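Every chain is numbered from 1 and lettered A, B, ... according to where its sequence line falls, protein lines coming before strand lines. On a predicted model such as this, the values are computed, not experimentally measured, just so you know.
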There are 2 protein chains.
Amino acid sequence: MAKEPEDTIASRISRVLADRIVRGELSAGLRLRQDHIAEEFGASHVPVREAFRRLEAQGLAISEPRRGVRVASFDLKEVREVAEMRAALEVLALRHAAKHLTPAILDAAEEATREGDAAADVHAWEDANRRFHTLILAPCNMNRLLASIDDLHAASARFLFSAWRSGWEKRTDHDHRAILLALRQGRADEAASILERHVQWIGRAPKSTQKGAAGAEAFAIVG
Amino acid sequence: MAKEPEDTIASRISRVLADRIVRGELSAGLRLRQDHIAEEFGASHVPVREAFRRLEAQGLAISEPRRGVRVASFDLKEVREVAEMRAALEVLALRHAAKHLTPAILDAAEEATREGDAAADVHAWEDANRRFHTLILAPCNMNRLLASIDDLHAASARFLFSAWRSGWEKRTDHDHRAILLALRQGRADEAASILERHVQWIGRAPKSTQKGAAGAEAFAIVG
DNA sequence: CTCAAGAAAATTATAGATAATTTTTATTGT
DNA sequence: ACAATAAAAATTATCTATAATTTTCTTGAG
């Protein structure tokens, strides 16, 4: 059969831990004890430490010498920072990707949007959302840029999952559709400017719910 | 006396190796053998591996499972990618920093510009250049953004040092001065747009030298 | 003389062990 | 009861050792 995509234990551990942090299974500030994690994965602590360095670079954990590693905390200010970085970088990526977008790619992105609209829970929505963004940006063919955007997506998703307490309510993503329409019509600049606005909504505008009761705790979570 | 700023061996190794890669002492594609590096630093290979993970995240090294780590290679396409990312992110940083800039900071940035103009070699110039950018951007107070910009600066500097074969020739940085003037006069938007253009010159336009002999090998190296 | 097999050396990835440090718990004096 | 302090436990950072893999070297067939 095919080789496992990950050869080293360290990369597997870092991927699993990153996923747990993003999904909120490991909450902010929690101490990550290398021996315990090593035991859980049936490994020694050496690969665990390597995984830690990776999480650190992704901004998902912070490490203090001799005091160990903990899950990175984040506040609204940081969420906005990530949103603005995403806006800046995704616009750049889209500008370069635009000329390489094919109808097939745009169809796939439209399908991802539909899946997002139909998503039954926040995780399914996030998955479809990420797929949409990746589909229209990947053709820019700039690996470093795409890697940075990926890390920022993870940070966004982390906020999304942590902020989402109540049930999931389906809705239609008009921004995604507007972006696709503009791209189909060759209006790349307009697509980019919608994307820029779209991404910046994260953690920015208070969301007006039907009850209006959520108050200051509710934020627009899109992107 | 004061504690060393770096407590762990791993971070010291990663800093030294990063510096060597950026300065071109370790050339692209070179294999980094953990035991040799460990021996040089009088350490075991465990902290060396942790340093590797950090260099990987910074884009200065690439690692293939079981095949070791080598110094990352880079081509002109990647240099442009980095320049465009820098442009996007530095503009964002400057927009936020602008309102916090004091005359004292701008004076220090002007001094850095003067030092750059007077620099006797490319390393001194790069040092002053980086100081200029850091001075005017740091007040944005967005740590994640600043960390990303730092990594991109390192990549730019690496290209600068590698491309610079001939002797250093002094010149006056008009862009830096124009940015400072705009900032002093409260025209943040104009400062940002000059900065955007300024940074993108890296690796972009062929540089016209007095001899005209350098040809396709010469690129504008500023920023 | 070139090229491919196979042996030898080097190298990676991981485990297990240890000293130093930090955190937790227990203890004592007020 | 409470704070300060001392003893105990846990944890980190690092080193040394080892199995598995890759690279290099050697050698023999065509």
Side-chain angles (χ1 to χ4, degrees), chain A residues 1-21 25-73, chain B residues 1-21 25-73:
Chain A
M1 295 302 174
K3 280 267 177 61
E4 288 300 305
E6 313 213 317
D7 219 352
T8 73
I9 296 180
S11 64
R12 189 167 65 89
I13 294 175
S14 102
R15 190 171 49 76
V16 172
L17 290 183
D19 197 58
R20 284 186 195 163
I21 293 171
E25 292 165 27
L26 301 174
S27 52
L30 188 74
R31 264 189 89 171
L32 298 175
R33 271 155 307 193
Q34 56 184 215
D35 283 12
H36 296 202
I37 292 167
E39 190 175 22
E40 182 199 333
F41 285 88
S44 87
H45 60 253
V46 177
V48 174
R49 300 192 111 250
E50 291 183 38
F52 283 172
R53 295 290 95 79
R54 187 150 219 277
L55 295 172
E56 219 184 329
Q58 291 175 296
L60 294 175
I62 52 167
S63 165
E64 289 180 289
R66 296 260 159 209
R67 325 252 334 233
V69 174
R70 28 184 86 245
V71 176
S73 57
Chain B
M1 297 299 172
K3 280 267 176 63
E4 289 299 306
E6 313 212 318
D7 218 354
T8 73
I9 295 178
S11 64
R12 188 166 66 90
I13 294 175
S14 104
R15 189 171 51 77
V16 172
L17 290 182
D19 196 58
R20 283 186 196 162
I21 294 170
E25 293 165 26
L26 301 174
S27 52
L30 188 74
R31 264 189 89 172
L32 299 175
R33 271 154 307 194
Q34 56 184 214
D35 283 12
H36 297 203
I37 292 167
E39 190 175 25
E40 182 199 335
F41 286 90
S44 87
H45 61 250
V46 177
V48 174
R49 301 191 111 249
E50 291 183 39
F52 283 173
R53 295 290 93 79
R54 186 150 221 278
L55 295 173
E56 219 184 331
Q58 291 175 295
L60 294 175
I62 52 167
S63 165
E64 289 180 288
R66 295 261 157 207
R67 325 250 337 232
V69 174
R70 28 184 88 245
V71 177
S73 58

**Student:** dT21(C) phosphate, OP1 or OP2: any side-chain N/O from R66(A) under 4.0 angstrom?
**Tutor:** no
**Student:** dT22(D) P sits how many Å from L32(B) CG, rounded?
**Tutor:** 19 Å
**Student:** With nearest nucleotide decided by heavy atoms, which residue, G68(A) or V46(A), maps closer to the 5′ end of DNA chain D?
**Tutor:** G68(A)
**Student:** Quick one: does H45(A) reach the base of dT14(D) with a side-chain donor-acceptor pair under 3.5 Å?
**Tutor:** yes
**Student:** Could you tell me how far apart E56(B) (CD) and dT12(C) (P) are, to the nearest whole angstrom?
**Tutor:** 14 Å
**Student:** How many Å lie between CD on E50(B) and P on dT12(C), as a whole number?
**Tutor:** 16 Å
**Student:** Taking the minimum atom-to-atom distance to the side chain of R31(B), which one of dA15(C), dT12(D), dT23(D) wins?
**Tutor:** dT23(D)
**Student:** How many Å lie between CD on Q34(B) and P on dT14(D), as a whole number?
**Tutor:** 15 Å
**Student:** With a 4.5 Å limit on heavy-atom distance, are the side chains of F41(B) and V48(B) in contact?
**Tutor:** no
**Student:** Are S11(B) and T8(B) linked by a side-chain donor-acceptor pair shorter than 3.5 Å?
**Tutor:** yes
**Student:** What integer distance in Å separates E64(A):CD from dT21(C):P?
**Tutor:** 17 Å
**Student:** Could you state the CZ-P distance from F52(B) to dT12(C), rounded to the nearest angstrom?
**Tutor:** 7 Å
**Student:** Any idea which of dT23(C), dC15(D), dT12(C) is nearest the D35(B) side chain?
**Tutor:** dT12(C)
**Student:** On DNA chain C, compare the nucleotides closest to G42(A) and P65(A); which residue's is nearer the 5' end?
**Tutor:** G42(A)
**Student:** Whole angstrom is fine here: how far is it from CZ in R53(A) over to C1' in dT14(D)?
**Tutor:** 13 Å
**Student:** Any idea which of dT12(D), dT16(D), dT23(D) is nearest the S44(B) side chain?
**Tutor:** dT16(D)
**Student:** Check this for me, if you would: do R53(A) and E50(A) make a salt bridge, where the nitrogen-to-carboxylate-oxygen distance has to be below 4.0 angstrom?
**Tutor:** no
**Student:** Between R31(B) and E64(B), does any side-chain N to carboxylate O distance fall below 4.0 Å?
**Tutor:** no
**Student:** When you measure from the side chain of P47(B), which nucleotide among dT14(C), dT23(D), dC15(D) comes out closest?
**Tutor:** dC15(D)
**Student:** If you measure from the Lys or Arg side-chain nitrogens to the Asp or Glu carboxylate oxygens, is any gap between E56(B) and R70(B) under 4.0 Å?
**Tutor:** no
**Student:** Please confirm whether the shortest side-chain N or O distance from R67(A) to OP1 or OP2 of dT23(C) is below 4.0 Å.
**Tutor:** yes
**Student:** Check this for me: does the side-chain of H36(A) come within 3.5 Å of the base of dA10(D) through a donor and an acceptor?
**Tutor:** no
